[in-house]
*Asks:* 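This is the structure I want to talk about, given as structure tokens.
All chains are named by letter (A, B, ...) in the order of the sequence lines, taking the proteins before the strands, and each is independently numbered beginning at 1. Predicted, not measured: the structure shown is a model, and the values here were computed from it.
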Protein chains: 2
Amino acid sequence: MARWPGGTPERLQEAAIELFTERGYERTTVAEIATRAGLTERTFYNHFADKREVLFPGQDSFIAGVQDALGRAPTEQSPLEAVRAVFTAGSDWLDQRRNAAERRRHILDAHPDLREREWAKLAALAAAIADALRGRGVPEPAATLTAGVSVTAYHCAAARWLADPQHGTFGQHLHASFDELHRTARNW
Amino acid sequence: MARWPGGTPERLQEAAIELFTERGYERTTVAEIATRAGLTERTFYNHFADKREVLFPGQDSFIAGVQDALGRAPTEQSPLEAVRAVFTAGSDWLDQRRNAAERRRHILDAHPDLREREWAKLAALAAAIADALRGRGVPEPAATLTAGVSVTAYHCAAARWLADPQHGTFGQHLHASFDELHRTARNW
DNA sequence: GCAACTGATTACAGGTTCTGCAATCACTGT
DNA sequence: ACAGTGATTGCAGAACCTGTAATCAGTTGC
């Protein structure tokens, strides 16, 4: 018998999402989150760097995964093709979590501080991609630009995926975004 | 004779930059900034929404200006051309403030919280541009994508402008970024 | 069997950020 | 004179976050 029930960070995340949904992000204190999870405020900060981070579980490992996958992508792919393929490979994972993503999006949209953190995560993703591209021999500023453009397309696809009343798959929106990118690029 | 010496926000900004440079962002309290400016902590918060905002003066009006200029850009320009032209129009303004920009960059680079705010400002800029493009009749998702790509190029240009040991003008780096964008787009 | 170790949790104290509210006070217009 | 304006201030307090040390069930080494 374990001394402490497992899944502490998960319990904190669930409690946080419940409370944020019920009464909003600002009107919820960290102490309340911890209490609902059967823990104390101090324990919350043992698992999350700050109050916002509880809404971004696994983001850092996702970013690391993208960077890693890009490192082993076939060399004959162009940089943008490689990134696009890596994103596409992870699209099923997202589709299976649409409900959770929708609830999370609601909370994020309601508070600027949380969107700020989201942009920070996207910037970190772009930095990781740029790093991987440089590792593939892409020179600057092409690496940074390609990474930024890719993340823009990714983010745009994610937004439209969640806003889509027809509930199309993330993969469909991803391809639509990248295709639109090619189309508009032709008019430059 | 005015009751209070003028330029309160400017004095707070100068005091903040001095202190952040001397002992770092984290080791400087808002009370210390206010005291150095001959004011109180409460007055600081009358002028800035939070501690970080003191390093982003006039950003919101800059964003509004970009949006406004885009609204009156000639219709025969393609969306990306229009944005590029608006950015170029403001490049002299930046060149005249290179020193201040360098000091500010040093402070920003040293603390993640500040970079987070910077990304939030860039995201706000992208949103404003997307809005202006939609006003020009650009449909979604092209508007959002073009705006995102533009801001990526802008940000990349700004970074390289400040990192350039040859001290090239911002306009040169801006054009280099946009040209590189065209070049890489051809390999997609 | 027993002691030392481990590692998650907890208790506590305290600094900092940020907000709400009411008061001050020189200047302004009537 | 005299009320109005508006920037500043004082004060109280909630919430966020951190450092440090204590607790204690389970595990390991002997």
*Asks:* Give me the residues of residues 7-23 of chain B where at least one heavy atom lies under 4.0 Å from an atom of DNA chain C, by number, or none.
*Replies:* none
*Asks:* Between B/H47 and D/dA7, is there a contact of a side-chain N or O with OP1 or OP2 at under 4.0 Å?
*Replies:* no
*Asks:* Whole angstrom is fine here: how far is it from NE2 in A/H111 over to C1' in D/dC16?
*Replies:* 13 Å
*Asks:* Looking at residues at least two apart in the chain, or sitting in another chain, which of them share a side-chain contact (heavy atoms from CB on, under 4.5 Å) with B/P165?
*Replies:* none
*Asks:* For each nucleotide in nucleotides 13-19 of chain C, reading 5' to 3', give B when a protein heavy atom comes within less than 4.0 Å of its base, S when such contact involves only the sugar-phosphate, and - otherwise.
*Replies:* ---SBBB
*Asks:* What is the distance, to the nearest angstrom, from the CG atom on B/N46 to the P atom on C/dT24?
*Replies:* 18 Å
*Asks:* Quick one: list whatever passes side-chain contact (heavy atoms from CB on, under 4.5 Å) with A/Q67, sequence neighbours left out.
*Replies:* A/A128, A/D131, A/A132
*Asks:* Report the residues that fulfil ring-ring contact (aromatic ring centres under 6.0 Å, His included) with A/H106, sequence neighbours left out, ordered by chain and then residue number.
*Replies:* none
*Asks:* Sequence neighbours left out, cut at 3.5 Å: what donor-acceptor pairs do the side chains of residues 84-94 of chain B make with other protein atoms?
*Replies:*
| residue | atom | partner | partner atom | Å |
| --- | --- | --- | --- | --- |
| B/R84 | NE | B/H175 | ND1 | 3.3 |
| B/R84 | NH1 | B/D179 | OD1 | 3.4 |
| B/R84 | NH2 | B/H175 | ND1 | 2.8 |
| B/R84 | NH2 | B/D179 | OD1 | 3.0 |
| B/T88 | OG1 | B/R84 | O | 2.7 |
| B/S91 | OG | B/T88 | O | 2.8 |

*Asks:* Just how far is it from atom CD of A/E118 to atom CG of A/D113, taken to the nearest 0.5 Å?
*Replies:* 13.0 Å
*Asks:* Name every donor-acceptor pair, under 3.5 Å, that has one atom in a side chain of residues 5-12 of chain B and the other anywhere in the protein, sequence neighbours excluded.
*Replies:*
| residue | atom | partner | partner atom | Å |
| --- | --- | --- | --- | --- |
| B/R11 | NH1 | B/P5 | O | 3.3 |
| B/R11 | NH1 | B/G6 | O | 3.3 |
| B/R11 | NH2 | B/A37 | O | 3.0 |

*Asks:* Roughly, in whole Å, what's the span from CG in A/D113 to C1' in D/dC16?
*Replies:* 12 Å
*Asks:* Would you indicate what B/T40 reaches in the nucleic acid, counting non-hydrogen atoms under 4.0 angstrom: base, sugar-phosphate, or nothing?
*Replies:* sugar-phosphate
*Asks:* How long is the line joining CG of B/L39 and C1' of D/dA7, in whole Å?
*Replies:* 10 Å
*Asks:* List for me each residue that meets ring-ring contact (aromatic ring centres under 6.0 Å, His included) alongside B/F20, sequence neighbours excluded, and say none if there are none.
*Replies:* B/Y25
*Asks:* Applying ring-ring contact (aromatic ring centres under 6.0 Å, His included), can you list everything that pairs with A/F44, at least two apart in sequence or on another chain?
*Replies:* A/F48
